[in-house]
Amino acid sequence: MIRVGFFLDAENMGAKDCREIFEGNPGVGGSEYEVILISALLTLRHAEQFEITVFTNGKLLLPDILQKNAVYFNGADELEILCGKQGIDILVLDARRSSAYYQAFDTARVMLIPWAECFMSTRQLYRYARAGNIPRIVCVGREELDLYRDHPAFNKSTYIYNAVPILDSVKKLAVSHPFAQRKNEVAYMGSLIPDKGFHCLALVWKDIVKEFPDAVLHVIGSGKLYSQDARLGRYGIADSAYEDSFMPYLTDENGEILSSVHLHGVLGKEKYEVLSRCKVAVPNPSGDTETFGIVAVEMQIAGCLVATKRCPGFMDTVCDSGILYDDVNELSSAVIDLLRRKDNSYEAMLSEIERKFSYDEVIAQWVELFDSVFRGKPFIPDPQVINSRFQKKWVREINRRVRKVLPITPPLCLMEELLRRCRNRMKGVA
């Protein structure tokens, strides 16, 4: 029996009801959703092989199969003590956690696996590469992993796509709303914070309406998605300052919301009723922060065509029927192009999604990972390079080979990070 712990950061989520986790995201952040989902699937399907414990700092409602093994903690030191008491062999820990969490386990027997649902800094990468108690780093996409293929951390890194519920009810809903019969409706889904780029879509919405006067925009999400304590502005959907930056593009001269704009707030499985009526969906149009893009997959399962920025997360999750643009100035033309389409190639889109993101496929990879780590099997990173021109991957691969002979050569991701810091300082950004 392998004892596996999962860290769940739920401190700011409130008493969110996540008991029906297999029915889709109940309205929490994607990272938190995946922790609960993967933990529940392993408990349900592989109880004879793994004993799963969820360590959380929040009071949300977990599925019954997890609630009995949930352990509440307060701080890094207490987490380390509790893992020892539970006899945890492997702890899957958010790669974004502060160094205090990793330092707390420096002398512990627990093996740590950083789960990189978000991009990692080079400081984090070096820490994980050097740590003897970190046998593996798990990214959520091939494209995310390839960004540091010439870094020492790559030698212990792999990727496992996020699991996404592919529900029969949603597939039936999508089929019952044939694409050719859908109206010119567009959906945004995600948190309404600057990092998720909704302002980019708001900025061009009136341009889209000029082309399609009957167009409707559905906004699913809120500034409270990641924190129940967030204080919202006049329209109740985002932080006041952020609302002020985009609402002028979605309101008339009197400040009234345009008739073409529908603000739904955070939705659970009801979101599929909305998405199944839409032709086009736009997840995070800026592409910033995206390592996977669960919402892009959910939107496609509902039958939408996706338009968004070409970035690591969406290159892994948006099917060929969608449009990935290189410049956010192309957003409106991409949405307009997709609204003109007569077919969404739904069967091909669904087939690709099932092949990559189904429960069966993803859980099998986690099982293999834990077994390999527990038994101390040797690991060889995947040398294959795809999309070699994207993000200078061909340079990173050459540098990876050069560093085998001249390890003093800096990784490209380090040089890029230093350059970003210099630019930010020149702009007065902290």
Only pairs at least two apart or in different chains count here, so list each ring-ring contact (aromatic ring centres under 6.0 Å, His included) that has a residue in residues 327-363.
Tyr161-Phe357, Phe292-Phe357
Under 6.0 Å from the NZ atom of Lys156, do we count more than 12 heavy atoms belonging to anything else shown?
yes
Sorted by chain and residue number, the salt bridge (Lys or Arg N to Asp or Glu O under 4.0 Å) partners of Asp371 (sequence neighbours excluded) come out as Arg375, Lys377
Pairs involving residues 40-50, ordered by first then second residue, that meet side-chain hydrogen bond (donor to acceptor under 3.5 Å, both in side chains) (sequence neighbours left out)
Arg45-Asp360
Could you list the residues that satisfy ring pair (Phe, Tyr, Trp, His ring centres under 6.0 Å) with Phe179, not counting sequence neighbours?
none
Pairing of Lys269 and Glu20 as salt bridge, 4.0 angstrom limit:
yes
Heavy-atom nearest pair, Ala307 first then Ala334, reads CB-CB, 4.1 Å
Look at Glu361 together with Lys356 and state whether they make a salt bridge at an N to O cut-off of under 4.0 Å.
no
Quick check on Lys172: does its NZ atom have over 12 non-hydrogen neighbours (other residues, nucleotides or ligands) under 6.0 Å away?
no
Among residues at least two apart in sequence or on other chains, which ones pass salt bridge (Lys or Arg N to Asp or Glu O under 4.0 Å) with Asp195?
none
Which residue pairs pass the side-chain hydrogen bond (donor to acceptor under 3.5 Å, both in side chains) test when at least one of the two sits in residues 52-65, sequence neighbours left out?
Asp9-Asn57
Are Phe246 and Tyr242, when compared by the centres of their aromatic rings, separated by less than 6.0 Å?
yes
Please determine whether a side-chain nitrogen of the Lys or Arg among Glu417 and Arg421 lies less than 4.0 Å from a carboxylate oxygen of the Asp or Glu.
yes
Got a sec, which residues hit ring pair (Phe, Tyr, Trp, His ring centres under 6.0 Å) with Trp205, two or more places apart in sequence or on another chain?
none
Would you check if Glu144 and Tyr159 make a side-chain contact, meaning some heavy-atom pair closer than 4.5 Å?
no
Scan residues 322-342 for pairs that pass side-chain hydrogen bond (donor to acceptor under 3.5 Å, both in side chains), counting only residues two or more places apart or in two chains.
Glu211-Arg340, Arg310-Asp326, Asp327-Asn329
With Ser286 via side-chain hydrogen bond (donor to acceptor under 3.5 Å, both in side chains) - residues at least two apart:
Asn284
Close aromatic pair by centroid cut-off 6.0 Å: Phe7 and Phe73:
yes
Mind checking what makes ring pair (Phe, Tyr, Trp, His ring centres under 6.0 Å) contact with Tyr126, not counting sequence neighbours?
His151
Students often mix this up, so state it plainly: with edges at 30° and 60°, are the rings of His262 and His264 parallel, tilted or perpendicular?
parallel
Carboxylate-amine/guanidinium contact Lys309 Glu290, below 4.0 Å
no
Salt bridge (Lys or Arg N to Asp or Glu O under 4.0 Å) involving Glu273 - partner list, sequence neighbours excluded:
none
Sequence neighbours excluded, the answer for ring pair (Phe, Tyr, Trp, His ring centres under 6.0 Å) partners of Phe6 is none
Pairing of Glu117 and Arg96 as salt bridge, 4.0 angstrom limit
no
Other residues, nucleotides, ligands: >12 heavy atoms within 6.0 Å of Asp320 CG:
no
